Amino acid sequence: MTPRHLLPHVGSLPQGQRNAITDVAGVTVGHCTLDANEVQTGVTVVRPHAGDLFLDRVPAAAAVLNGFGKSVGLMQVEELGVLETPIALTNTFSAPAVATAQIQQCVAANPETGRGLPTVNPLVFECNDGFLNDIQRMAVTGQHYLQACEQAGVEVAEGSVGAGRGMSSFGLKGGVGTASRRVVVAGGGEHTIGALVLANYGRLSQLVLAGQALGVQLAARRGASSGAPSVQQAREPEKGSIILLIATDAPLDARQLRRLALRAGAGLARTGSVFGHGSGDIALAFSTAYTVPQQATRPMPSVAMLHDGLIDPLFQAVADSTEQAIIHALWQARAVTGRNGHHRNALADLLPGWPSSSSFPS
């Protein structure tokens, strides 16, 4: 299998040291993976900084590309433009349990939460992993969220781990992927953009990797071996989702961060997504350049924001790192067999010689 560092590099911008969202200083990622027969799921956590996010919030904004989703906490992010907890990813039915764990975590650190202090806004994104995972078991608990937080670090495992354990993409194994790009902004210095995706979307025939329409060939091979899909299957709406997280150290406000989040859709579209009817495609961007205090008695930050006229290189970095992160998610994912014997093949097993060769093994 082609090593990660030899996969195609998307675009002309240089990558960060790890080619991961953790190339943005202070950002860490942790996973807790549940792998037990019918239970194939987990939790992934992204921490914007190592401090107390409830007291020292970071600016953020979301863009809903297609809103077929059940995320928790987006309304207040839209209204206030800040994050108050780590960002959590999990399966659809486990979002409430993880949100409860985030509230309990905040109360433990700040006992006046909801009393002398404001209530906390948990933030949980979800995708439906019910094909491989027995989602009705609601196996994820608050303890699993805490374990993911404890495991958070700068080295990011990818593929069938954490929240990505039971995810599917393009009829193959999906999961977690990450990437980064560095940009030089005229008069504004050098900045880093990092992306992390939870890939659980797409139709096989539409798959495009690094500009190669590999899905057509893969779908034809699958059709020849198992029979062509029925007319009903071909007409069914896409039922997957993808969560796209963008981090940057550039000094941006919530309005600018929403513009950044929206550009993740450009990278997503390059892989063959059309933001299908049943797909929850949601992007969120945050900046680590400054924090916003929870308490009004503390001074607000005095930060010179990047001028809108200089933001295009960051848009390019978002699109490129998003596409790269999706490639990593698909390539790093290992095959998984789960609920009722349901199975997802790994892309790397089907195309072991890619990108030097896109031919299939005999």
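Only a predicted model underlies this, so the values are computations on that prediction, with no experimental measurement involved. Starting from 1, each residue takes its place in the sequence as its number.
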Legend entry - Close side-chain approach of M300 and V292, heavy atoms under 4.5 Å: yes

Legend entry - pair H49-T288: side-chain heavy atoms closer than 4.5 Å: no

Legend entry - For the student: nearest non-hydrogen atoms of T90 and L198, plus distance: O-CD2, 4.4 Å

Legend entry - V43 and L89, any side-chain heavy atoms less than 4.5 Å apart: no

Legend entry - Full working for side-chain contact (heavy atoms from CB on, under 4.5 Å) between R344 and L132: CA-CA 8 Å; R344 290 299 192 199; L132 290 173; 3.7 Å; yes

Inset, instruction - Looking only at non-hydrogen atoms, find the nearest pair between A60 and A254 and report the distance. - result: O-CB, 3.7 Å

Legend entry - Short side-chain donor-acceptor distance under 3.5 Å, D52 and N110: yes

Donor-acceptor contacts under 3.5 Å from residues 153-161 side chains, at least two apart:
from, atom 1, to, atom 2, distance (Å)
E158, OE1, R4, NE, 2.6
E158, OE2, R4, NH2, 3.1
E158, OE2, T178, N, 2.9
S160, OG, R334, N, 3.1
S160, OG, R334, O, 2.9

Inset, instruction - Only pairs at least two apart or in different chains count here, so list each salt bridge (charged side-chain N to carboxylate O under 4.0 Å, His left out) that has a residue in residues 77-89. - result: R57-E84

Legend entry - salt_bridge(R339, D134) N-O dist < 4.0 Å: no

Inset, instruction - State whether D253 and R258 are salt-bridged, where the test is any N-O pair (Lys NZ or Arg NE/NH1/NH2 against Asp/Glu carboxylate O) under 4.0 Å. - result: no

Legend entry - Any L83 side-chain heavy atom under 4.5 Å of T85 side chain: no

Legend entry - Nearest atoms (heavy-atom pairs only) where Q102 meets A88: NE2-CB, 3.6 Å

Inset, instruction - Indicate yes or no: at least one non-hydrogen side-chain atom of V98 is less than 4.5 angstrom from one of T141. - result: no

Inset, instruction - List the atom of A199, the atom of M167, and the distance in Å for their closest heavy-atom pair. - result: O-CB, 3.5 Å

Inset, instruction - Could you tell me whether R255 and D308 have a side-chain N and a carboxylate O separated by less than 4.0 Å? - result: yes

Legend entry - ILVMFWY network linking V184 to I193, side-chain heavy atoms under 4.5 angstrom: no

Which side-chain N or O atoms in residues 64-76 pair as donor and acceptor under 3.5 Å with protein atoms at least two apart or in another chain?
from, atom 1, to, atom 2, distance (Å)
N66, ND2, G276, O, 2.9
N66, ND2, H277, O, 3.1
N66, ND2, S279, O, 2.6

Legend entry - Any side-chain heavy-atom pair of T100 and Y145 under 4.5 Å: no

Inset, instruction - Of all the heavy-atom pairs spanning A333 and A346, show the shortest one and how long it is. - result: O-CB, 3.3 Å

Inset, instruction - Look only at the side chain of N345 and the backbone of L172, and say whether a donor-acceptor pair between them is shorter than 3.5 Å. - result: no

Inset, instruction - Check salt bridge (Lys or Arg N to Asp or Glu O under 4.0 Å) between R165 and all other residues, then give those that pass, not counting sequence neighbours. - result: D35

Inset, instruction - Compare all side-chain heavy atoms of H191 with those of V185 and state whether any distance is below 4.5 angstrom. - result: yes

Legend entry - cation_pi(R259, F315) dist<6.0 Å, angle<=45: no

Inset, instruction - Look at the rings of Y201 and F170 and say which category their plane angle falls in: under 30° parallel, 30 to 60° tilted, over 60° perpendicular. - result: perpendicular

Inset, instruction - Examine the side chains of Q324 and R181 and answer whether a donor and an acceptor come within less than 3.5 Å of each other. - result: yes

Legend entry - W354 side chain near T2 side chain, heavy-atom distance below 4.5 Å: no

Legend entry - Candidates V39, T41, T92 - the one meeting side-chain contact (heavy atoms from CB on, under 4.5 Å) with I135: T92

Inset, instruction - Sequence neighbours left out, what passes salt bridge (Lys or Arg N to Asp or Glu O under 4.0 Å) with D320? Give chain and number order. - result: R270

Legend entry - Residues forming a ring-ring contact (aromatic ring centres under 6.0 Å, His included) with H307, sequence neighbours excluded: none

Legend entry - Minimum-distance pair of heavy atoms, taken over all atoms of A61 and A261: O-CB, 4.0 Å

